[in-house]
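Structure first, commentary second.
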Number of protein chains: 2
Amino acid sequence: MKPIAIGELSRQASVKVPTIRFYEERGLLPRASRTEGNRRTYGAVDVRRLRFIRHARELGFEIEDIRALLDLAEQPERPCGEVDAIARRHLADIDDRIARLTGLRAEIRLMLDQCSQGRIQECRIVEVLADHGECLHEEH
Amino acid sequence: MKPIAIGELSRQASVKVPTIRFYEERGLLPRASRTEGNRRTYGAVDVRRLRFIRHARELGFEIEDIRALLDLAEQPERPCGEVDAIARRHLADIDDRIARLTGLRAEIRLMLDQCSQGRIQECRIVEVLADHGECLHEEH
DNA sequence: CTAATTTCTCTAGCGACTGGAGGAGCAAGC
DNA sequence: GCTTGCTCCTCCAGTCGCTAGAGAAATTAG
């Protein structure tokens, strides 16, 4: 039950000190209580909450989503449909990004394959970049 | 050979007006000549250059890379090894991102599959987020 | 008691734009 | 010639999720 300082919280949750202050400012962490000397103090609850945040961030959830997930996590009796929806949206977002990156990959791969290592004059990479019409890429 | 205004350049290259001014400020486009009334004027060369930039951006190249590519494109006699290197680096970067996103995807997919649509109390999604040890994810 | 470490607040910077305020230029219709 | 409406100008602020620095104060170790 002994309170810990921000540096200790940082170590226990693997989140940098300025990031913790940033999360507090953004409302993901409650405003920490302070010592006489104005230093933030934390407890086990904060460690858990911050680890939750870190993990969700590692999985790519945005701050807003995490805020919602934290709110929901505090209401254990409610059905978890909203939690599910957030995760599902995030999954769709990731799928989207993977698809777009895969498209880019193909196009760059092709450019590289066509480059004959000659002079820039006849370099396919430069040509393709210069002329949008020459490539696979479409999206408007 | 008639000069065009920034709005027309914007339409012809499919790049928004403020973005054109931004590119000028960042040195990707030369400082445009001006009319008596201080408005920027452009020509066909600028349209080509801006399209090159747009296409490279769509492919995910960073501004710095594009600056280098533009410099190289202006020296057609030089070997295209550097162009190749930039594209290769970018490909590696994309591969990296795809790999990481694929990892995230798997983990979120798993969470979703395990969620039994009950109450938040027993929701696997919340559990996994709360306890880092429970998941596939490792990286530090 | 001193020195080293930690913490505090405040501010600015990253990348690549995007959008708004407030004002001036310009073409066309009356 | 004048008004209307569009385009353009500059400058500034905001986005996202941090990260880093300055300069000062509190705490801890030796």
Side-chain angles (χ1 to χ4, degrees), chain A residues 2-29 31-42 46 50 52-70 89-90 93-94 97 100 104 140, chain B residues 2-29 31-42 46 50 52-70 89-90 93-94 97 100-101 104 139-140:
Chain A
K2 54 192 155 219
I4 58 173
I6 198 169
E8 186 55 27
L9 174 62
S10 166
R11 257 163 266 132
Q12 289 190 25
S14 308
V15 173
K16 288 181 188 163
V17 168
T19 305
I20 295 172
R21 290 195 276 248
F22 170 75
Y23 287 157
E24 177 180 322
E25 192 220 293
R26 293 311 217 71
L28 291 193
L29 290 174
R31 275 207 278 162
S33 49
R34 308 285 185 124
T35 65
E36 278 186 23
N38 196 36
R39 283 155 177 239
R40 292 170 177 84
T41 56
Y42 299 95
D46 301 297
L50 186 52
F52 184 104
I53 297 169
R54 192 205 55 182
H55 196 191
R57 281 295 301 137
E58 283 173 351
L59 290 173
F61 286 95
E62 295 172 6
I63 297 260
E64 274 315 300
D65 283 343
I66 296 172
R67 195 195 310 280
L69 288 171
L70 283 166
R89 251 193 294 116
H90 187 46
D93 186 51
I94 289 176
R97 269 144 66 185
R100 289 203 297 121
L104 298 191
H140 187 61
Chain B
K2 54 191 155 224
I4 58 174
I6 198 169
E8 185 55 27
L9 174 63
S10 166
R11 258 163 265 131
Q12 290 190 25
S14 306
V15 173
K16 288 181 187 161
V17 169
T19 306
I20 295 173
R21 290 196 274 249
F22 171 75
Y23 286 159
E24 175 179 323
E25 192 220 293
R26 293 312 216 72
L28 291 192
L29 291 173
R31 274 207 279 164
S33 50
R34 306 287 185 123
T35 65
E36 278 185 24
N38 195 33
R39 287 162 174 234
R40 291 171 178 84
T41 57
Y42 300 94
D46 301 297
L50 187 51
F52 184 103
I53 296 169
R54 192 205 56 181
H55 195 191
R57 281 296 301 138
E58 283 173 352
L59 290 174
F61 286 95
E62 295 172 7
I63 297 258
E64 275 314 302
D65 283 343
I66 297 172
R67 194 195 309 280
L69 288 171
L70 283 165
R89 250 193 294 117
H90 186 46
D93 186 51
I94 289 176
R97 269 142 65 185
R100 288 203 296 123
L101 284 172
L104 298 191
E139 62 179 70
H140 186 64

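Lettering of chains follows the sequences in order, A, B, ..., and the numbering in each one begins at 1.
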Between [X] and [N], is there a side-chain N or O to OP1/OP2 distance below 4.0 Å?
X: A/Arg54; N: D/dG17; result: no
X: B/Arg40; N: D/dC9; result: yes
X: A/Thr35; N: D/dA26; result: no

With DNA chain D as reference, determine whether A/Pro18 or A/Glu36 sits nearer its 5' end, using the nearest nucleotide of each.
->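 Upstream on the strand: A/Pro18.
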More 5' along DNA chain D: A/Thr19 or B/Gly37, using each one's nearest nucleotide?
-> B/Gly37
Does the side chain of [Y] come within less than 4.5 Å of [X]'s, by heavy atoms?
X: B/Ile63; Y: B/Phe22; result: yes
X: A/Arg40; Y: A/Arg21; result: yes
X: A/Arg39; Y: A/Arg34; result: no

Measure from [atom1] on [X] to [atom2] on [N] and round the result to the nearest Å.
X: B/Tyr42; N: D/dC8; atom1: OH; atom2: C1'; answer: 11 Å
X: B/Ile20; N: D/dT7; atom1: CD1; atom2: C1'; answer: 13 Å
X: A/Arg31; N: C/dC8; atom1: CZ; atom2: C1'; answer: 15 Å
X: A/Lys16; N: C/dC8; atom1: NZ; atom2: C1'; answer: 19 Å
X: A/Glu24; N: D/dG17; atom1: CD; atom2: C1'; answer: 17 Å
X: B/Ile6; N: C/dG25; atom1: CD1; atom2: C1'; answer: 15 Å
X: A/Glu8; N: C/dT6; atom1: CD; atom2: C1'; answer: 12 Å
X: B/Glu25; N: D/dC11; atom1: CD; atom2: C1'; answer: 11 Å

Name all residues meeting the side-chain contact (heavy atoms from CB on, under 4.5 Å) criterion together with A/Arg31; count only those two or more places apart in sequence or in a different chain, and write none if there are none.
->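 So A/Arg31 forms a side-chain contact (heavy atoms from CB on, under 4.5 Å) with A/Glu24.
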Establish whether the base of D/dT7 is bridged to the side chain of B/Arg39 by a donor-acceptor pair shorter than 3.5 Å.
-> yes
Could you give the distance from CD (A/Gln12) to CD1 (A/Ile4), rounded to the nearest 0.5 Å?
->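 So the CD of A/Gln12 and the CD1 of A/Ile4 are separated by 4.5 Å.
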Quick one: CD1 on B/Ile94 to CG on B/Leu59, what's the gap to the nearest 0.5 Å?
-> 7.5 Å
Table of protein N/O atoms under 3.5 Å from nucleotides 11-16 of chain C N/O atoms:
residue	atom	partner	partner atom	Å
C/dA16	O3'	B/Arg57	NH2	3.4

For B/Leu50, the option from B/Thr19, B/Leu28, B/Leu9 that meets side-chain contact (heavy atoms from CB on, under 4.5 Å) |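 Only one of B/Thr19, B/Leu28, B/Leu9 forms a side-chain contact (heavy atoms from CB on, under 4.5 Å) with B/Leu50, namely B/Leu9.
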Nearest to the side chain of A/Arg21, which nucleotide is it out of D/dA20, C/dT9, C/dG19?
->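 Closest nucleotide to the A/Arg21 side chain: C/dT9.
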Which nucleotide in D/dT10, C/dT9, D/dT19 has an atom nearest any side-chain atom of A/Asn38 =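 The listed nucleotide nearest to A/Asn38's side chain is C/dT9.
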